[in-house]
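Numbering of ligands and ligand atoms starts at 1, following listing order. All values derive from a computational prediction rather than experimental measurement.
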Amino acid sequence: MNQIEHIGIAVKSLSESNGLFEKLFGEAHYKIEEVASEGVSTSFFKVGSNKIELLEATREDSPIAKFIAKRGEGVHHIAFAVDNIHAEMKRLKAAGFRLLNEEPKRGADNKLVCFIHPKTANGVLVELCQEMPNAENYDQQKSSL
Ligand code: ZN
């Protein structure tokens, strides 16, 4: 695993929280992106060399809606950059971590992502993310395992 790629924060209203975090960081978000498959709308802030992702639910059955109903707004996940998400998923699975998806999924910000169940990581939802490889590299990476 490499450096922290970003920290995800669950919010009720992206438009309200964009204003709040803009005040906090002294800088506006640089992008907004919807990930329809996950039922979330996201916005990204740069803070020095770090990134913060705000997540708002776009549907009632979205994982973010469930999280907020249960725990309220706040830090939702920590994402780590990885070079080969398939290899990392295999390694973590063998080490006893429960993965929330068996295949990498397309996440926000042109990333392939996989989440690790917080129950197997001391309550922390960990996201692995890898910059989206082109199709050819992706097949190579997968078949090399
Ligand atoms: Zn994330």
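- Donor-acceptor pairing under 3.5 Å is recorded for the side chains of His77 and Glu53.
- Counting only protein N, O or S atoms, the number found under 2.8 Å from the Zn ion (ligand 1) is 4.
- Side-chain N/O atoms of Glu127 and His6 include a donor and acceptor closer than 3.5 Å.
- Evaluation of the salt bridge (charged side-chain N to carboxylate O under 4.0 Å, His left out) rule for Glu5 yields Lys51, Lys111 as partners, not counting sequence neighbours.
- The aromatic rings of Phe21 and Phe45 lie tilted to each other, with the angle between the two planes from 30° to 60°.
- Of the inter-residue distances, the one linking Asn18 atom CG with His29 atom NE2 reads 4.5 Å to the nearest 0.5 angstrom.
- Looking at Asn2, Leu92, Leu99 one by one, the single match for side chain to side chain contact (heavy atoms under 4.5 Å, CB included) with Leu128 turns out to be Leu92.
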